[in-house]
Amino acid sequence: MSRNPIALVDVNNFYVSCERVFDPSLEGRPVVVLSNNDGCVVARSQEAKDLGIETGTPWFKVKPSAAAWNLVARSSNYELYGDMSARVMEVVGRFGTWQEVYSIDESFLGLTGTEGQLREIGEEIRAAVARQVGVPVCVGIASTKTLAKFTNRIAKQNAAMGGVCSLDSMPVGQVETIQERVPVTGLWGVGARTGDRLKAQGIVSIADLKRADPLAIRKKFSVVLQRTVLELNGTACIPHTEERVDKQQIMFSRSFSTPVTTLEEMGQVFSIYAQRGAARLTAGGQCATMLTVSAGTSRFAGGDASFPAVTLRLPAPTSDPIVLTRLAVSALRGMIVPGTSYVRAGVMLGGLEPARGQEQFDTFVDDRESLDLGGLLGSVRAKFGDTAIGLGAGGLAEPPGWSMKRELSSPRYTTEWEDLPVVSAR
DNA sequence: TCTGGGGTCCTAGGACCC
DNA sequence: TCTGGGGTCCTAGGACCC
């Protein structure tokens with residue numbers, strides 16, 4: 001493997017670990033972090049996992065036992081997690097010849113060194129992140145991304161390894177034993193659907209898949225699964241993209257704290273969501289060419305749920321909040337049935353392309369010809385806060401009744417001056 | 001009573017062109 | 001009126017990820 005080893009570095013129980021950095025009283029206690037609207041569990045501390053709480057469990061089902069379990073729940077605080085993520089990535093990136101940030105809490109890293117040095121580097125990464133950011137990470141090192149993910153899992157599940165595992169330093173027999181035991185769906189890229197289809201072919205464990213003929217797998221399944229087979233056998237074939245490529249779509253979608261039933265309220269929703277989407281476009285220097293608005297009734301209410309959606313092709317690529325808001329609101333007529341209880345809605349911007357100066361306004365020749373409205377709104381919000389300015393309903397000082405609920409949120413410790421933690425010593 | 005949000009990649013099939 | 005083959009682009013939907 002000595003050629004081009006790859007590390008997968010990820011934070012243990014990331015959201016919970018972020019909460020613990022600023023509230024050490026959470027150490028050792030079961031902690032869960034909830035989805036938007038405090039709906040269901042999205043992250044768990046080890047203690048919470050040990051209690052048998054699964055990801056996706058609705059909070060109202062867990063809540064009655066919370067006191068008895070000494071369980072703490074927090075609303076998700078994405079502002080905090082996003083900022084902590086950037087800090088972790090910066091520290092981890094110092095150790096690699098290249099780095100690919102794969103998700104909010106994990107990145108692939110190119111390493112160099114002998115087998116013995118690799119383990120040391122892994123330990124240095126752990127120590128650096130613990131000291132400079134304060135969260136625990138695990139490191140898995142192998143010759144391909146798929147194997148690095150698998151090795152990271154081994155590091156996580158064996159406390160004796162101290163959070164670092166290099167696949168080639170493990171006895172071959174031991175690796176084979178694990179691969180015989182772990183089901184294929186434990187692999188990166190193999191989900192439940194593919195798992196069922198593989199089982200029908202007699203392929204159950206990771207070891208089974210590793211022995212399969214790559215060409216046959218490609219024929220029966222897909223090129224994606226063929227790559228998994230090759231990577232399991234040490235042939236790296238999933239390329240890494242070091243540069244952050246532009247996004248291809250932007251979605252703003254939320255559940256409501258109380259159902260929305262009228263055209264008027266849904267107009268508010270689409271107006272506000274379209275403006276949030278437009279703000280993200282502007283921030284990323286992009287324009288959209290397609291707009292999709294959608295809504296949904298509850299899957300749990302009994303009867304048939306409905307998920308109406310309308311997609312519009314924009315007359316010209318744009319990030320103009322006025323254009324996007326107008327179109328999003330106009331799309332709801334004929335799509336939304338008044339009197340129906342909608343529990344969620346979303347605005348999706350697609351077919352994104354880089355913004356090209358003022359061209360985005362060329363087809364809308366009015367007195368805004370040379371005005372970058374999105375940029376202007378963005379700078380006002382940056383200075384005076386997210387709710388300082390907006391179009392129509394987006395400019396309401398008081399959030400509407402259906403707005404998201406986050407009753408158990410921690411402060412934005414690292415991104416707002418007024419939320420800065422205070423430390424004192426005696 | 002109360003059940004998340006935001007993405008990517010691949011494939012198949014249709015429209016269209018030469 | 002019949003006949004052929006090859007290619008691109010776009011879109012919808014599936015599967016997967018965290």
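In this text, all values refer to a predicted model and were calculated from it rather than measured experimentally. Letters A, B, ... mirror the listed sequences (proteins, then strands); counts begin at 1.
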| request: Would you mind classifying the nucleic acid contact of A/Y102 as base, sugar-phosphate or nothing, using non-hydrogen atoms under 4.0 angstrom? | output: sugar-phosphate

| message | I need the CG-P distance between A/N37 and B/dT1, as an integer number of Å. | response | 18 Å

| query | Is A/D105 touching bases, backbone alone, or none of the nucleic acid, heavy atoms closer than 4.0 Å? | reply | sugar-phosphate

| query | Within the structure, does a side-chain N or O atom of A/K61 lie under 4.0 Å from either OP1 or OP2 of B/dT3? | reply | no

| query | Atom CG of A/L187 and atom P of C/dA15: how far apart are they, to the nearest Å? | reply | 18 Å

| query | If you look at every strand shown and take non-hydrogen atoms under 4.0 Å, does A/R313 touch a base, only sugar-phosphate, or nothing? | reply | sugar-phosphate

| said: Does A/Q249 reach a base, just sugar-phosphate, or nothing at all? Heavy atoms under 4.0 Å. | reply: base

| field | Electrostatic pair A/D10-A/K156, nearest N-O below 4.0 angstrom | value | yes

| Would one find a side-chain N or O of A/S222 under 4.0 angstrom from OP1 or OP2 of C/dA15? | no

| query | With sugar-phosphate meaning primed atoms plus P, OP1 and OP2, does A/V190 contact a base, only sugar-phosphate, or nothing at under 4.0 Å between heavy atoms? | reply | sugar-phosphate

| Considering only B/dT11, B/dT3, B/dG5, which nucleotide approaches the side chain of A/V223 most closely? | B/dT11

| field | Residues which pass side chain to side chain donor-acceptor pair (under 3.5 Å) with A/S255, listed by chain and number, not counting sequence neighbours | value | A/R344

| Base, sugar-phosphate, or nothing for A/L225, non-hydrogen atoms under 4.0 angstrom? | nothing

| field | A/D304 CG: over 12 foreign heavy atoms closer than 6.0 Å | value | no

| message | At 4.0 Å (heavy atoms only), tell me whether A/R254 reaches a base, stays on the sugar-phosphate, or touches nothing. | response | sugar-phosphate

| field | Rounded interatomic separation in angstrom, taking OH from A/Y342 and C1' from B/dT3 | value | 20 Å

| query | Between B/dT1 atom C1' and A/F256 atom CZ, what is the distance in whole Å? | reply | 18 Å

| request: Look at all strands and tell whether A/R227 reaches a base, only sugar-phosphate, or nothing, counting heavy atoms closer than 4.0 Å. | output: sugar-phosphate

| message | In terms of relative ring orientation, are A/W188 and A/F108 parallel, tilted or perpendicular, with 30° and 60° separating the classes? | response | tilted

| said: Whole angstroms only, please: what is the CZ-P distance between A/F307 and B/dT3? | reply: 13 Å

| query | Quick check, are the ring centers of A/Y78 and A/Y15 under 6.0 angstrom apart? | reply | yes

| request: Just call it for A/T194: base, sugar-phosphate, or nothing, with non-hydrogen atoms closer than 4.0 Å on any strand. | output: sugar-phosphate

| said: Mind checking if A/I250 touches a base, just sugar-phosphate, or nothing, with heavy atoms under 4.0 Å? | reply: sugar-phosphate

| task | Scan every strand shown for a Watson-Crick or G-U wobble partner of B/dC18, both distances under 3.5 Å, and answer none if you come up empty. | result | C/dG5

| request: Could you work out which one of B/dG6, B/dC10, B/dG7 sits closest to the side chain of A/S253? | output: B/dG6

| said: So A/K405, base contact, sugar-phosphate only, or nothing? Heavy-atom distance under 4.0 Å. | reply: nothing

| task | For A/W188, report the nucleic acid contact type (base, sugar-phosphate, nothing); a contact means any heavy atom under 4.0 Å. | result | sugar-phosphate

| field | d(CE, A/M348; P, C/dT11) in whole Å | value | 11 Å

| said: Tell me the interatomic distance from A/K220, atom NZ, to B/dT11, atom P, rounded to whole angstroms. | reply: 17 Å

